Amino acid sequence: MPELFSPALIMIAAAIAIGPARGHLRTGLVLMAPLLTLWAIWQVPDGVQDTVRFLSYQIEPVEGGPLRRLFATVFALMAFVGGLYAFRLARWYELAAAYAYAAGAIGVSFAGDLITLFLYWELMALFSTVVVWCGGTPGARAAGIRYAIMHLLGGVVLKVGIEGVVVSTGSIQIRPMLAHDFNSWMILCGILINAAAPPLSAWLADAYPESSPTGSVFLSAFTTKTAVLALLLLFPGEPVLIGVGLFMVMYGIMYALLENDIRRILAYSIVNQVGFMVCAVGVGTELALNGAAAHAFAHIIYKALLFMSAGVVIYRTGKNRCSELGGLYQTMPLTTVCCIIGALSISSFPLTSGFTTKSMISQAAANQELVWVYMLLTAASAGVFLHAGIKFPWFVFFQRDSGLRPKDAPWNMALAMLIFSVLCIAIGVYPQWLYQFLPYPVDYQAYTAGKVVFYLQLLLFSGLAFFLLLPLMKRTETISLDVDWLWRRAAPALIGWLAVFVRPMQVAFSRFMEACRRSFASFAVRYLGQPHTADSDEHGLFARSWRIGTTALWIAILLSAYVLVYYI
Amino acid sequence: MSDEHRVQFLSRPRVVRRLWWLFAVLLALTVLAQAVFYVKGYFTVDGWFGFGAVYGFLCCLLMVLLARVLGAVLKRPRDYYRERDDA
C-alpha cells in the first residue's frame, strides 16, 4: 500500500535506527535519511492518496498538493543540513529526537485529515521537548518542562476544537474555515499557541536558547512553521490573524532590542518573522498566501543559518551573551560572512531571499488597500534590520575586541552554513525558482528599480539610526520579563500567599481528622479487634474464638436455612 | 604573540572614519537614486521623495526609544529566575 506510506515514516525509521547504529553507519543514516525523504516527498502526487477506516472515520494519512510539498521539502532540506551541521557534535539521542521531530513536521505537511494532523502535531511536541532537554543544563531541564506543559496545553486546546468540529460537521477533512464558533476558535487557538502568538508566546524565547548549540538549529525550523502551514490550510483570510500577526511583528522587535543573549535575540526574531506570515494568512489573497508560504520557506533557511552561526560561536567560545562577545570577525571569517548573509536575508535586503518573499506580503497588503498594515509591515522591515540585521552580527562579530580568538567553524558546520548561504542568495537572485513551487500562480515582479531604491533607503537609514543610537542600545546583563513571569513568579507567589490563609484551616482540619481516627480506632478495638496482649481477656465481640462444635452447629443451621429459603 | 594585542582592523580610528564617509556617500546615493528611478507610492505619501529614508530612520528611532521605556519596566538581573530553576 504505497499510497498510505507517508514520507514522514522514513524519518521516523531513521530516528529509531540512529540509536543502535554506530560510526559511519550512523553518519550515513543521518545524512541519507532526509535525502531519501526528500525524494519520497516528490513522489507524492496531488490529492488524497488513499483512505483507511479507523473507528467510523476515513483517515487520509497522505494528501499531496503544492503547498504541502513546499513545506515538506523545506522541512526535509532543513533536516539534512541540520543533520550535517550537528552529526559530529550532537549526542545520538539528540539527533534521534530531532529526526523524530522533523518527521512530525513532515507528517503534518501531508496530513489529509484532522486526526492524522493531531497525531503528528503531538509527535512534534514530544520530541521537540526532548531536543530542549538535550541542552543538558538545569536551566534546559526546567525550560523543557515549561515548554512541554505549554505544548501539551496547546495540544489539548486543539483536540477540543477538532472534537467539536468532528461532532458538529461529521467530517474530519482539513478544509478552510473561519473562526466563527467555539470549535473553530479552539482549533485556531491551539495552532496559534504553536505559532508563538500572544499571549502565550513566551515559551519560544524561554526554551530555544536553553537547548544545545545544535538543538536550537532544529528547533528554529519546525514548530512555528508547521503552525503557519496549518493556518494556511485551515484559516486563510481569517481577519483576526492580521492583528495577531502585527502584534507578533512588533513584540519580536521590542524584545529582541532589549535582549543580551544572542540566541534569545534570534528567538524573538522568529516570533517577529512568523508575525509577517500570520499577517499574510490573515490578508488571505492569493498573493498574500503565496507570500506566507514563500516567506516560510526562505525564513527556515536564513533563520537556521543565523542559529548555526550563533551555535558555532557558542561552541567555539562557550559564551552566549553580546556583552561578552565581539571582534570575532578576524578569526572566524567564514562564520561572519555566513551570519551576515543570513542577517541580510532576514532584513529582506535586495539580492537575498527575504527581499523576494517578504515584499510579496507587503505588496499583498498594499493591493488590498490596507494602509496601516502596509505601513506597519514596512516599519517592521526597518525594525528587523535594526534588531537582527545589524544588531546580531555587530555585537557578536564586530563591536569591540573582546580578546577572544576562537577557531572558525569545523568543516561540517561550515559546509552546512555554506549550503544555506548559497540558497539564501540563490532565492534572492533567481526568485522564479521558488515561485514555481508556490500554491497559486505567481504574477509578481520582485525586482523593480523603484522597489529596490525604496528598500535600500529604508534599510540603510535604519542602519544609520542603529549606529547613531548605539549609546542607547548598550548591552546590559539583564533579561526582560515576558508573559511567562505570570506562571514562573506570580502564580507561585499567589499560592504562597494563599497558603498563609489556608494554613490555620489545614491545622484545624488535621486535628479533626486525628480525633476521628482515634475514636474509630477505639471503637474497632472494643468490638472487632484483637487484644493488645496475648493473655488478655479483653477480646472484641467479633474477635473471640469459638468452639468447633458450636461453629459446626451454626453452619448446619445456616445451610438448612438456605435450603429452605431456596425452595420457598 | 604580539598580534593578539594589535588593534583590530575595524577598530582603528582611521578605518572607522573612512567607513563613515563611505556609508554617508551610500546613503546620499540611495536618496538621489529616487530622482532617476520612479518609486511607486501606494498611498501617496510613500511615493514622496526620500520617504523610505525618513520613514526608516524615524521608525527605528521610535522603536529604540520605546524599547528603552519598556526596558526600564521589564528588565531584571540575569539571575532573576535562576535560584528557582536550578533548585
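Just so we're clear, the structure is a prediction, and the values are computed from it rather than from any experiment. Lettering follows sequence order; numbering is per chain, from 1.
Summarising the geometry of B/Phe49 relative to B/Ala35, their closest heavy-atom pair is CE1-N, 3.8 Å, with the distance given to 0.1 Å. Shortest non-hydrogen contact noted between B/Gln34 and B/Phe51 is OE1-N, 4.3 Å. Closest approach of B/Met63 and A/Ala379 over heavy atoms only: CE-O, 3.1 Å. Counting all heavy atoms, side chain and backbone alike, A/Gln445 lies closest to A/Lys451 at O-NZ, 3.1 Å.
Contacts of A/Leu257 with chain B are made by side-chain atoms alone, with heavy-atom separations under 4.5 Å and no backbone atom involved. For a residue to count as touching a neighbouring chain, one of its non-hydrogen atoms must lie under 4.5 Å from one of that chain's; by this rule A/Phe466 does not touch chain B. For A/Tyr455, no part sits under 4.5 Å from any heavy atom of chain B, backbone or side chain. For a residue to count as touching a neighbouring chain, one of its non-hydrogen atoms must lie under 4.5 Å from one of that chain's; by this rule A/Leu472 touches chain B with backbone and side chain alike. Only the side chain of B/Phe23 comes within contact range of chain A, judged by heavy atoms closer than 4.5 Å. For a residue to count as touching a neighbouring chain, one of its non-hydrogen atoms must lie under 4.5 Å from one of that chain's; by this rule A/Leu404 does not touch chain B. A/Leu386 touches chain B through its side chain: at least one heavy atom from C-beta onward sits under 4.5 Å away, while N, CA, C and O do not. At a 4.5 Å heavy-atom cutoff, A/Phe385 makes no contact with chain B through either its backbone or its side chain. For A/Thr378, the parts lying near chain B are the backbone and the side chain together; criterion is any non-hydrogen pair under 4.5 Å.
Environment of CH2 in B/Trp20: crowded, with over 12 heavy atoms of neighbouring residues, nucleotides or ligands closer than 6.0 Å. By the 6.0 Å contact criterion, CH2 on B/Trp48 is open, its count of non-hydrogen atoms from other residues, nucleotides or ligands being 12 or less. Atom CZ of A/Arg400 sits in a crowded spot, with more than 12 heavy atoms from other residues, nucleotides or ligands closer than 6.0 Å.
By number of non-hydrogen pairs under 4.5 angstrom with chain A, the leading residue of B/Gly47, B/Cys60, B/Pro77, B/Ser11 is B/Cys60. Counting heavy-atom pairs closer than 4.5 Å to chain A, the top-ranked of the candidates B/Val54, B/Val45, B/Val39, B/Leu62 is B/Val39. Ranked by non-hydrogen atom pairs under 4.5 Å with chain A, the options B/Ala67, B/Ala33, B/Gly56, B/Gly52 are led by B/Gly52. Ranked by non-hydrogen atom pairs under 4.5 Å with chain B, the options A/Ile479, A/Asp482, A/Leu458, A/Leu459 are led by A/Ile479. Interface summary for chain B: among A/Tyr255, A/Phe398, A/Tyr374, the most heavy-atom pairs under 4.5 angstrom belong to A/Tyr374. Ranked by heavy-atom pairs shorter than 4.5 Å toward chain B, the options A/Met375, A/Met250, A/His387, A/Gln399 are led by A/Met375.
Salt-bridge formation is not detected for the pair A/Asp484/A/Arg146: no Lys NZ or Arg NE/NH1/NH2 atom is positioned less than 4.0 Å from an Asp or Glu carboxylate oxygen. Salt-bridge formation is not detected for the pair A/Glu259/A/Arg321: no Lys NZ or Arg NE/NH1/NH2 atom is positioned less than 4.0 Å from an Asp or Glu carboxylate oxygen.
Not less than 6.0 angstrom separates the ring centroid of A/Phe461 from the ring centroid of B/Tyr55.
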